[in-house]
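Here is how names work: the chains are called A, B, and so on, in the same order as the sequence lines, proteins then strands, and each is numbered from 1.
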Amino acid sequence: MSPHPQDDLFAPAPGFAAPAPAYVPPSSGLLKGLNPEQHAAVTLGQEPALILAGAGSGKTRVLTTRIAWLMSQGLVTPGGVMAVTFTNKAAKEMVTRLSAMLPVNVRGMWIGTFHGLCNRFLRAHWKLAGLPQGFQILDASDTVSAIKRVIKAMKLDEERYVPKQVGWFIAGAKEDGLRPKDIEARDEQSRVQVQIYQAYEDQCQREGVVDFAELMLRTYELLRDNAALREHYQHRFQYLLVDEFQDTNKLQYAWLKMFAPPGRGQGVFAVGDDDQSIYAFRGARVGNMSDFEREYRVKRVVKLEQNYRSFGNILDAANELISRNSHRLGKNLRTEAGPGEPVRVNESASDFAEAQWLLEEAQALHRQGLARQEIAILYRSNAQSRVLESALFNAGVPYRVYGGLRFFERAEVKHALAYLRLIENANDDTSFLRVVNFPARGIGARTIELLQDAARISGRSLYQSVSAVAGKGGSNLAGFVNLVESMRNLTQGLTLREIIEQIIETSGLAEFYRNDKDGAERLENLAELVNAAEAFVTQEGFGKDAVALPVDELAPGAIAEGLPRAVAAAAVTPDAETGEIMSPLAAFLTHASLEAGDNQAQAGQDAIQLMTVHSAKGLEFDAVFITGLEEGLFPHENSMSDADGLEEERRLMYVAITRARQRLYLSFSQTRMLHGQTRYNVKSRFLEELPESALKWLTPRNQGFGSGFAKEYQSAWERGAGLKSVVGAGRVEKPAYGAASATPSFAAAPVPKSMKQAAAEKVGAEHGGLRVGKGVFHTKFGEGVLMTLEGSGADARAQVNFGRHGMKWLALSVAKLTPID
DNA sequence: TCAATAGTTATTTTT
DNA sequence: TAACTATTGA
């Protein structure tokens with residue numbers, strides 16, 4: 001049943017030919033094609049700036065062009081720029097685009113996510129931050145299980161103190177810059193939560209691990225409390241750029257102010273869109289934008305309102321909708337692309353019928369020449385994907401669902417990583433507990449309890465307490481310790497790849513999954529882990545976070561201004577024997593927790609994209625379907641009670657609408673299966689908030705509850721029900737992590753030779769015959785090829801490819817490298 | 001130590 | 001409905 005005849009043919013992408021510019025920018029090639037607002041933003045001087053960047057207004061281009069422009073004008077060197085993003089993807093994109101524009105030394109630049117930059121900072125100043133040199137990072141699930149252990153150890157009721165919620169509380173406190181001592185507990189509940197927070201903090205410190213929020217807070221605190229260090233970084237970074245400023249939380253803004261306080265005269269460039277703030281529930285404060293404008297005395301707010309993405313009707317809908325929100329900074333998107341097609345609205349009798357309609361419409365678009373990956377189906381909550389998947393699967397249409405488990409979050413991968421972490425740091429109790437009895441080796445809950453008691457009493461780690469447990473459990477535990485010890489011995493001197501292969505075998509994981517009837521996929525993932533490690537090591541500059549230290553970049557003035565030499569010296573502590581700066585394994589483990597891996601559509605596979613509206617942020621598609629536009633769902637019932645919640649839902653809708661380039665469909669259903677019950681829904685208020693002139697109803701407007709839809713619904717579900725068991729089997733093959741979807745390596749980026757060579761030649765002369773590209777000999781690692789030389793004097797370091805020993809970073813003051821011919 | 005069973009809960013989630 | 005957790009029984 002096609003709900004309507006195909007009334008007009010889908011026009012292939014017309015291409016948004018840029019209109020003849022009324023304004024002719026200066027001759028510089030970099031600035032060519034920028035509109036006046038973009039041009040103004042890019043060429044602002046060294047002053048605080050707030051850029052209101054609407055959806056599709058060329059924000060990333062402005063950001064990268066500004067950095068390139070600053071450098072090309074000689075206003076700043078790579079070392080003087082910091083650019084912060086929220087996602088690894090955004091950071092990577094910036095680096096890629098930048099290196100395409102300019103011959104830049106990407107390694108020296110501080111471009112990364114908030115957490116990535118904090119990691120880099122703390123790796124350099126671990127001693128001052130009170131961390132062990134090889135500290136590891138807990139991901140979200142590690143954090144919850146660590147908290148769970150604390151709650152158990154304190155013998156508290158897990159019903160009353162739910163680990164996840166306590167985790168929320170702790171993260172929330174940290175994001176407000178609060179330590180346990182800073183929180184005044186008003187009631188029993190929060191008093192105990194503070195105690196848990198304190199105990200958790202002690203535990204993390206003991207184990208040498210930090211969670212995501214801790215990365216931010218430690219960095220903030222160290223800068224706050226160490227004037228010399230703060231001075232150094234403020235002096236160093238002359239230009240700072242922050243992407244997605246509307247998503248920053250309180251701590252992130254405070255963090256920024258440590259690097260660049262108002263009035264210090266640095267060029268702080270904050271880019272954001274208050275209308276796209278959809279993470280308030282996670283602590284994001286849109287208010288940071290107006291605070292920034294006020295505190296930094298921003299002279300001119302630049303608004304980027306010219307949209308290069310969507311046709312007029314789509315923008316009209318977006319503008320009209322968002323105008324209903326109050327407290328906006330004020331912005332209206334415009335386009336020169338013409339009205340385009342109307343926004344189509346469809347009503348269905350049931351969620352099943354909706355899925356069926358969607359399927360047919362999407363197929364029609366595809367037949368008219370639209371690639372499947374240019375079609376996105378958006379929904380408010382994940383649960384809604386089921387019916388859609390079912391329909392697509394039955395029709396044999398390739399699709400991809402965003403937002404499942406990511407690569408490094410898969411159980412088998414986490415198991416392997418836990419073994420690796422134990423090799424690096426045996427006191428990591430989280431990792432210990434994860435694998436002490438996996439694969440099963442006769443260590444039960446009782447034994448673990450005894451061990452935990454012993455550890456608690458002596459204040460030592462589980463690993464260190466093993467000898468305290470006697471009996472059968474004790475001997476099994478001793479066996480586990482022996483296993484870890486032997487893994488550490490066996491992996492000495494191996495490449496990262498070999499280390500991982502070795503532990504996958506010795507740990508018994510491979511054996512376990514080989515015997516498991518559906519362990520094949522898990523084995524594949526473990527193989528993929530090996531590939532990921534290989535790809536990681538091959539990337540030029542893999543250990544950059546450990547070695548890109550401030551020492552060699554100290555502006556002469558900074559030392560004069562009092563940065564103690566000791567601070568600088570504390571930065572690098574190479575291995576005493578080999579001179580190695582950071583082991584590839586340690587670097588890889590950090591990478592694994594900071595970047596959970598992709599779960600994005602595989603390139604080359606043409607599949608329809610399914611995702612929540614949240615995960616669609618930042619993406620764009622030729623055709624977009626927004627589904628489930630019903631009161632209670634979108635806007636979600638949990639957000640409808642207060643005005644702020646409703647406004648955030650409206651912004652969410654705004655984000656959804658502005659994803660579409662050419663075609664936008666809005667869809668809702670009279671009934672929907674929710675929590676096992678059929679719910680009768682009213683269409684979303686957001687539909688009423690759109691301009692009638694931009695819409696085209698495919699079904700009669702205000703159609704009442706019609707004839708016998710329930711019957712149709714019933715039979716439809718019965719047809720669908722038999723196929724539920726196979727839902728998901730039709731998903732497109734999962735992306736390969738290492739090989740196929742590994743990030744484009746920095747090595748592959750076109751870093752022009754001239755600059756690289758010049759840099760190499762410059763330092764090359766200083767290091768007694770060592771030349772980049774030539775052979776070197778190391779007493780332990782043997783022969784290798786010198787890849788990079790940088791720094792000078794005591795801080796000089798080299799990156800060497802030792803073939804079977806892999807790529808390594810070495811401190812020349814320690815490592816004995818001799819040139820060979 | 002595990003597998004079966006009962007009970008519970010149900011937005012969004014860049015790091 | 002279905003997915004996840006916690007407990008129980010073999």
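- Relative to the six-membered ring of A/Phe135, A/Arg123 meets both conditions, a distance below 6.0 Å and an angle of at most 45° to the axis.
- Between the side-chain ring of A/His614 and the base of B/dT12, no stacking contact exists by the 5.5 Å and 30° definition.
- For B/dT15, the OP1/OP2 oxygens have a side-chain nitrogen or oxygen of A/Arg406 closer than 4.0 Å.
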Check step by step if salt bridge (Lys or Arg N to Asp or Glu O under 4.0 Å) holds for A/Arg685 and A/Glu631.
CA-CA 7 Å; A/Arg685 70 188 72 189; A/Glu631 286 290 294; 2.7 Å; yes
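- No engagement by A/Thr85 is indicated, since no non-hydrogen atom pair under 4.0 Å with the nucleic acid exists.
- Summary of the strand contacts: A/Asn437 and A/Leu652 both lie near DNA chain B, and taking for each the nucleotide with the nearest heavy atom, the more 5' one is attributed to A/Asn437.
- Using bins of under 30°, 30° to 60° and over 60° for the plane-to-plane angle, the ring pair A/Tyr513/A/Phe438 lands in the tilted bin.
- Rounded to whole angstrom, the span from the CG atom of A/Leu674 across to the C1' atom of C/dA2 amounts to 12 Å.
- Note on A/Ala440: only backbone sugar-phosphate atoms sit closer than 4.0 angstrom, heavy atoms only; bases stay farther off.
- B/dT12 makes up no base pair with any nucleotide shown, lacking Watson-Crick or G-U wobble contacts both under 3.5 Å.
- Relative to the six-membered ring of A/Tyr253, A/Lys250 misses at least one condition, a distance below 6.0 Å or an angle of at most 45° to the axis.
- Taking atom CG of residue A/Leu388 and atom P of nucleotide C/dT1, one finds them 19 Å apart after rounding to whole Å.
- In this structure, A/Glu244 atom CD and B/dT13 atom P are separated by 15 Å, rounded to whole Å.
- Contact check, A/Thr612 against B/dT13: a side-chain N or O comes under 4.0 Å of OP1 or OP2.
- For the pair A/Glu637 CD and B/dA10 P, the interatomic distance rounds to 11 Å; values are reported in whole Å.
- Remark: ring of A/Tyr279 not stacked against base of B/dT13; the cut-offs of centroid gap under 5.5 Å and plane tilt under 30° are not jointly satisfied.
- Of the listed nucleotides (B/dT15, B/dT11, B/dT13), B/dT13 has the atom at the smallest distance from the side chain of A/Phe281.
- Distance noted for atom P between C/dT5 and B/dT12: 16 Å (whole Å).
- Among the atoms of the strands shown, base atoms are found under 4.0 Å from some heavy atom of A/Phe212.
- What separates CG of A/Leu378 from P of B/dT12 is a distance of 14 Å, to the nearest Å.
- Using atom P as the reference point in both C/dC4 and B/dT13, the two lie 15 Å apart (nearest Å).
- Rounded to an integer number of Å, the gap from A/Gln384 CD to B/dT12 C1' is 11 Å.
- Atom CD1 in A/Ile137 sits roughly 13 Å away from atom P in B/dT15 (whole-Å rounding).
- Salt bridge A/Glu389/A/Arg400: absent, no basic N to carboxylate O contact under 4.0 Å.
- Side chain of A/Asn638, nearest nucleotide from B/dT13, B/dT15, B/dT11: B/dT11.
- In this structure, A/Leu251 places its CG atom 17 Å from P of B/dT15, rounding to the nearest Å.
- At the phosphate of B/dT13, OP1 or OP2 sits under 4.0 Å from a side-chain N or O atom of A/Asn382.
- Using cut-offs of 30° and 60° on the angle between ring planes, the pair A/Phe480 and A/Phe432 is perpendicular.
- Side-chain N/O atoms of A/Arg386 include one lying less than 4.0 angstrom from OP1 or OP2 on C/dA3.
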